[in-house]
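Here's the structure, in structure tokens; my notes come after.
For clarity, every value in this text was computed on a predicted model and none was experimentally measured.
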Amino acid sequence: MRRRAIAVALALAGSVLTPAMAGIPAHADTQICAQYGSTKIQNNRYVVQNNNWGDSTTQCINVTNTGFSVTTASHNKPQNGAPGAYPSIYAGCHYGNCSTGSGLPLRADDSRFNTIQTSVSMSYPGSGVYDASYDIWFDPTARTNGQNTGAELMVWLNHTGSVQPVGSRVGTVSLAGGTWDVWYGNSGWNVVSYVRTSPTSSASFPVHTFYDDMVRRGYAQRSWYITSVQAGFEPWVGGVGLAVNNFSYSIG
């Protein structure tokens with residue numbers, strides 16, 4: 001499931017960047033169909049990426065000034081394997097593509113870490129197999145490029161079909177106004193997923209709420225750096241109609 005980051009790096013290294021991939025600000029709706037295409041919104045405050053990392057079929061997204069929606073997708077991946085893509089919006093740095101003003105990377109023992117807040121509002125279609133999730137990355141160094149090797153924090157707001165996070169379920173916890181099944185696995189880095197037992201289309205929380213729990217369980221360290229806060233979808237089947245209506249990130 002975590003091959004998407006490696007695939008993005010290889011693709012960007014061997015491709016000519018289109019204007020969307022190069023991060024030209026989106027002042028009006030922008031259509032992105034390039035497999036690893038991206039653009040920036042709100043004066044470069046956020047990056048929106050198509051990130052069709054796990055499939056050879058076409059996926060297109062419509063980028064607005066507050067989020068995006070999937071307009072074309074025909075994924076048909078086995079539900080016991082990796083998803084087809086991770087179309088998403090983020091603050092921070094992902095493989096050298098950085099937003100402006102995020103304050104990231106930042107060590108988790110810095111006092112500003114506890115001020116990082118994020119929220120998202122999503123819409124779901126009536127069909128398809130997917131998860132709707134945050135993907136928050138941590139690294140032992142202040143990494144802005146390449147694969148993070150510390151921990152990957154996933155927060156699943158919703159999922160359909162029989163898909164499951166990496167690893168196995170290790171517990172249940174009440175955090176951020178919900179109850180979550182906790183999953184742990186390792187893909188060369190720790191993958192800790194919090195799966196909401198009652199699906200929701202919106203969330204708002206301080207990032208440290210989940211990271212504190214990861215540290216208590218021994219899956220993360222205070223000396224690691226947070227590098228990005230991403231929100232989007234992992235589609236296995238279909239995907240048209242998945243949408244991030246609004247996303248926010250703040251620090252300090």
Can a side-chain donor-acceptor contact be found between Asp181 and Thr172 if the only test is distance below 3.5 angstrom? yes

Between Leu153 and Phe138 the two heavy atoms that sit nearest each other are CB-CE1, 4.2 Å

Would you sort out whether Asp139 and Thr227 count as a side-chain hydrogen bond (donor to acceptor under 3.5 Å, both in side chains), showing the intermediate values? CA-CA 7 Å; Asp139 193 84; Thr227 62; over 6 Å; no

Would you check if the side chain of Glu234 reaches a backbone N or O of Tyr86 as a donor-acceptor pair within less than 3.5 Å? no

Report yes or no: does Lys77 contribute a side-chain atom to a donor-acceptor pair with the main-chain N or O of Gly54 at less than 3.5 Å? yes

Check whether any side-chain N or O of Gln79 sits under 3.5 Å from a backbone N or O of Ser162 as a donor-acceptor pair, and report yes or no. yes

Given Asp212 and Arg216, is the salt bridge (charged side-chain N to carboxylate O under 4.0 Å, His left out) satisfied, shown in steps? CA-CA 6 Å; Asp212 290 348; Arg216 284 193 294 267; 5.1 Å; no

Centre-to-centre under 6.0 Å for Tyr134 and Tyr194, is that the case here? no

Side chain Thr66, main chain Asn245, donor-acceptor under 3.5 Å: yes

Look at the side-chain heavy atoms of Ile, Leu, Val, Met, Phe, Trp and Tyr, link any pair under 4.5 Å apart, and say whether Met154 and Tyr225 land in one connected group. no

Is the cationic atom of Arg196 (NZ for Lys, CZ for Arg) positioned less than 6.0 Å from the six-membered ring centroid of Trp180 and within 45 degrees of its normal? yes

The reported gap from CD in Gln42 to CZ in Phe247 (rounded to nearest 0.5 angstrom) is 10.0 Å

Walk me through it: do Ile61 and Val48 pass the test side-chain contact (heavy atoms from CB on, under 4.5 Å)? CA-CA 9 Å; Ile61 58 175; Val48 182; 3.9 Å; yes

Are Val70 and Tyr130 co-members of a hydrophobic cluster defined by side-chain heavy atoms under 4.5 Å apart? yes

Check: Ile136 and Ile226 side chains under 4.5 Å, non-hydrogen atoms: yes

Are Tyr219 and Tyr184 close enough that their ring centres sit under 6.0 Å apart? yes

Counting N and O atoms only, with roles assigned by atom type, does the side chain of Lys40 sit under 3.5 Å from a partner on the main chain of Cys98, one being a donor and the other an acceptor? yes

The reported gap from CG in Asn44 to OG in Ser102 (rounded to nearest 0.5 angstrom) is 12.0 Å

Please examine the side chains of Gln49 and Thr39, heavy atoms only from C-beta on, and report whether any two atoms are closer than 4.5 Å. no

Aromatic ring centroids of Tyr46 and Tyr90 under 6.0 Å? no

No-hydrogen, no-angle side-chain donor-acceptor test under 3.5 Å, Gln59 and Asn50: yes

For Leu106 versus Gly103, what's the shortest heavy-atom pair and its separation? CB-O, 3.7 Å

Are the side chain of Ser228 and the backbone N or O of Gly92 linked by a donor-acceptor pair below 3.5 Å? no

Min side-chain heavy-atom separation Thr144-Pro105 under 4.5 Å: yes

Going from CZ on Arg107 to OG1 on Thr141, what distance comes out if it is rounded to the nearest 0.5 angstrom? 11.5 Å

Give a yes-or-no answer on whether the side chains of Ser121 and Asn246 include a donor-acceptor pair shorter than 3.5 Å. no

On a heavy-atom basis, the closest approach of Thr209 and Ala176 is CG2-N, 4.2 Å

Going from OG on Ser69 to CZ on Phe233, what distance comes out if it is rounded to the nearest 0.5 angstrom? 9.5 Å

Derivation and outcome, side-chain contact (heavy atoms from CB on, under 4.5 Å), residues Asp131 and Val195: CA-CA 10 Å; Asp131 71 59; Val195 181; over 6 Å; no

Report yes if some heavy atom in the side chain of Val207 is under 4.5 Å from a heavy atom in the side chain of Phe113; otherwise report no. yes

Nearest 0.5 Å, please: how far is CG in Asn114 from OH in Tyr211? 11.5 Å

For Asp29 and Thr64, does a side-chain donor sit closer than 3.5 Å to a side-chain acceptor? no

Write down the atom of Arg112, the atom of Ile251, and the distance for their closest heavy-atom approach. O-CG1, 4.0 Å

Start with the C-alpha distance between Gln221 and Val215, add both sets of side-chain angles, then the distance that settles side-chain contact (heavy atoms from CB on, under 4.5 Å), and finish with yes or no. CA-CA 6 Å; Gln221 299 180 25; Val215 171; over 6 Å; no

Student check: side-chain heavy atoms of Val166 and Trp183 closer than 4.5 Å: no

Does any part of the side chain of Ile41, heavy atoms only, come nearer than 4.5 Å to the side chain of Arg45, both counted from C-beta? no

Less than 3.5 Å apart, any donor N or O on the side chain of Ser250 or Gln117 sitting next to an acceptor on the other? no

Please determine whether residues Val63 and Met122 belong to a single hydrophobic cluster, defined as Ile, Leu, Val, Met, Phe, Trp and Tyr linked transitively by side-chain heavy-atom distances below 4.5 Å. yes

Arg143 (side chain) donor-acceptor with Gln147 (main chain) under 3.5 angstrom: yes

Mind running side-chain hydrogen bond (donor to acceptor under 3.5 Å, both in side chains) on Ser119 and Ser248 for me, showing each step along the way? CA-CA 5 Å; Ser119 66; Ser248 73; 2.5 Å; yes

Taking the side chain as C-beta and beyond, is there a heavy-atom pair between Thr149 and Pro140 under 4.5 Å? yes

Would you say Val229 ends up clustered with Phe210 if hydrophobic residues are merged whenever their side chains have heavy atoms under 4.5 Å apart, either directly or through other cluster members? yes

Can you tell if the side chain of Thr57 reaches within under 4.5 Å of the side chain of Gln35, non-hydrogen atoms only? no

Considering all heavy atoms of both residues, which atom of Trp53 and which atom of Pro83 are nearest to each other, and what is their separation? CZ2-O, 3.8 Å

Considering non-hydrogen atoms only, spot the tightest contact between Leu157 and Ala203 and give its length. CD2-CB, 3.8 Å

Would you sort out whether Glu152 and Trp189 count as a side-chain hydrogen bond (donor to acceptor under 3.5 Å, both in side chains), showing the intermediate values? CA-CA 7 Å; Glu152 180 180 9; Trp189 54 91; 3.0 Å; yes

Quick check against the 3.5 Å criterion: does Trp236 have a side-chain atom that pairs as donor or acceptor with the backbone of Gly81? yes

side-chain hydrogen bond (donor to acceptor under 3.5 Å, both in side chains) for Asn62 and Thr71? Distances and angles first, verdict last. CA-CA 7 Å; Asn62 180 68; Thr71 56; over 6 Å; no

Hey, what do you get for CG (Asn158) to OG (Ser201), rounding to the nearest 0.5 Å? 8.5 Å

